[in-house]
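To start, the structure under review is shown below, and the notes come after it.
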Amino acid sequence: MITVKAPGKLYIAGEYAVVEPGHPAILIAVDQFIQVQAHLQSHFSSAWSDQSPAGELEWHHNGNQVEFSPFDRRFSYVASAIQTTEEYLRAQAVPIRNYHLKITSELDSDNGQKYGLGSSAAVTVAVVKAICKVVGYHVDLITIFKLAAIAHLSVQGNGSLGDVAASVYQGWIAYQSFDRKWLLNHLAHHTIADTVAIEWPHLKIEALNPPAELQVLIGWTGRPASTAHLVGKVANKRVDESTFYNHFLTASNECVNKMIQAFRNHDLQSIQEQIHHNRQLLVALANHTNVNIETPQLKQMCDIVNQLGGAAKSSGAGGGDCGIAIVNHQTDLKQIIARWHQFAIDKLPLRVSYNQQEESHDQPSFTS
Ligand code: PMV
Ligand code: MG
């Protein structure tokens with residue numbers, strides 16, 4: 001029996017712009033996980049998830065084909081991760097055995113509400129890692145990222161895959177999205193193994209070290225939001241608003257690059273200034289596209305933090321889910337938390353999750 005875990009994530013900056021290839025964002029991995037336990041078994045393969053406990057996903061191997069019987073939509077990401085990883089492993093001449101996956105999630109609240117921590121990305125990453133481990137094949141982080149990105153993209157179709165990068169690399173990362181059109185076109189003419197082996201245009205992942213005095217607070221609105229819906233609405237509007245949208249992309253690039261530089265310089269004040277600036281850019285995008293990114297509740301959350309000397313913004317697609325605040329050791333956290341409570345905002349007790357030693361690189365660095 002082997003066990004692997006993949007964490008959830010939160011966006012810190014660069015949302016919406018990062019959906020366009022070559023545009024950067026900053027994310028953290030948080031210490032809530034999807035866990036997969038796996039063991040080899042005979043006759044057929046199967047997966048059980050506590051997210052849909054009533055039934056199992058089962059599959060057989062017919063030559064090089066994976067045959068699900070029957071295919072269950074609730075297991076879309078799991079099934080896609082299985083197909084992608086098994087195809088990759090076959091190309092590495094790894095014999096595919098039958099196995100069982102038991103998938104459990106900490107990424108939703110106790111009463112089943114979602115926090116917006118990216119459970120589909122984490123489940124995809126966890127399944128890729130579990131399959132490689134149960135068949136005894138060592139994979140590096142960039143390969144896990146590429147396999148999980150291919151599997152995730154073929155189900156969802158429209159995200160930046162920053163959530164997958166955060167779940168694989170963990171800690172604080174700067175992520176620049178790759179060209180998804182290039183990837184889909186490449187996959188149409190090449191195998192997964194060939195595609196994973198080459199550099200992906202625009203992809204960059206860099207580990208960031210936060211200044212020692214930096215603290216991140218996560219405020220949960222208690223209201224789930226649909227990322228796919230919000231991203232789709234902004235995408236529909238961007239054609240009519242091309243001048244505004246191009247300006248937004250340039251300004252977001254500049255802002256996030258300054259923030260990345262501020263991380264390298266351990267300059268907390270400059271990080272906070274860019275958080276303020278990114279908030280304003282997202283509010284302007286919301287006004288122009290008529291998409292509710294910073295809801296009234298998220299606005300309260302940010303204004304309270306500003307009044308008490310920190311910097312805050314909506315996280316991810318917004319419209320609910322979580323906001324993030326960047327504060328220092330002197331900030332009156334009790335006061336922030338008490339005032340958040342008046343607006344039904346809960347401080348989530350999350351910490352940044354880092355890769356365990358055996359999985360991490362010797363040195364954090366850019367990869368593509
Ligand atoms: O709402 P979240 O945490 O899933 O973040 C979405 C971030 C976007 O940039 C809006 C979309 C994306 O895929 O990057
Ligand atoms: Mg969200």
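No hydrogens, no waters, no symmetry mates; every other heavy atom, side chains included, goes into these values. Both counts, for ligands and for their atoms, begin at 1 and track the order of listing.
Close contacts of ligand 1 with Val18, meaning ligand atoms under 4.0 Å from a residue heavy atom, involve 9 (O), 14 (O). The Glu15 neighbourhood of ligand 1 comprises atoms 9 (O), with distances under 4.0 Å to a heavy atom of that residue. Close approach of ligand 1 to Val19 is summarised as follows: ligand atoms under 4.0 Å from at least one heavy atom of the residue are 9 (O), 11 (C), 12 (C), 14 (O). Below 4.0 Å from some heavy atom of Gly159 lie the following atoms of ligand 1, by number and element: 13 (O). Of all atoms in ligand 1, numbered sequentially from 1 with element shown, those under 4.0 Å from a heavy atom of Lys9 are 2 (P), 3 (O), 4 (O).
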Check step by step if salt bridge (charged side-chain N to carboxylate O under 4.0 Å, His left out) holds for Arg264 and Glu206.
-> CA-CA 11 Å; Arg264 294 186 189 128; Glu206 178 188 358; 3.0 Å; yes
Taking it one step at a time, do Trp220 and Lys347 satisfy side chain to side chain contact (heavy atoms under 4.5 Å, CB included)?
-> CA-CA 6 Å; Trp220 181 46; Lys347 177 191 167 291; over 6 Å; no
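Note: an N/O pair closer than 3.5 Å links Ser160 and ligand 1 by distance alone. The N/O atoms of Ala317, backbone and side chain alike, include one that comes under 3.5 Å of an N/O atom in ligand 1. At under 3.5 Å, not a single nitrogen or oxygen of Asp321, backbone or side chain, sits near a nitrogen or oxygen of ligand 1.
Between atom 7 (C) of ligand 1 and the options Tyr16, Tyr11, Tyr175, the minimum heavy-atom separation is to Tyr11.
The closest side-chain donor-acceptor pair between Gln83 and Tyr88, if any, does not fall under 3.5 angstrom. Ser46 and Gln41 share a side-chain donor-acceptor pair at under 3.5 Å.
For Ser80, the side-chain contact (heavy atoms from CB on, under 4.5 Å) criterion is met by Thr84, Ala151, Ser154, Val155, not counting sequence neighbours.
A salt bridge is defined here as a Lys NZ or Arg NE, NH1 or NH2 lying under 4.0 Å from an Asp or Glu carboxylate O, and Lys146 with Asp140 fails to meet this definition. Taking 4.0 Å as the cut-off between side-chain N and carboxylate O, Glu273 and Lys258 do not count as a salt-bridged pair.
For a distance threshold of 2.8 Å, the protein N, O or S atoms nearer than that to the Mg ion (ligand 2), listed by chain and number, are Asp321 OD2.
Taking a 4.0 Å cut-off on heavy atoms, Val231 registers as neighbouring ligand 1.
Taking the centre of each ring, Trp172 and Phe263 come in below the 6.0 Å mark.
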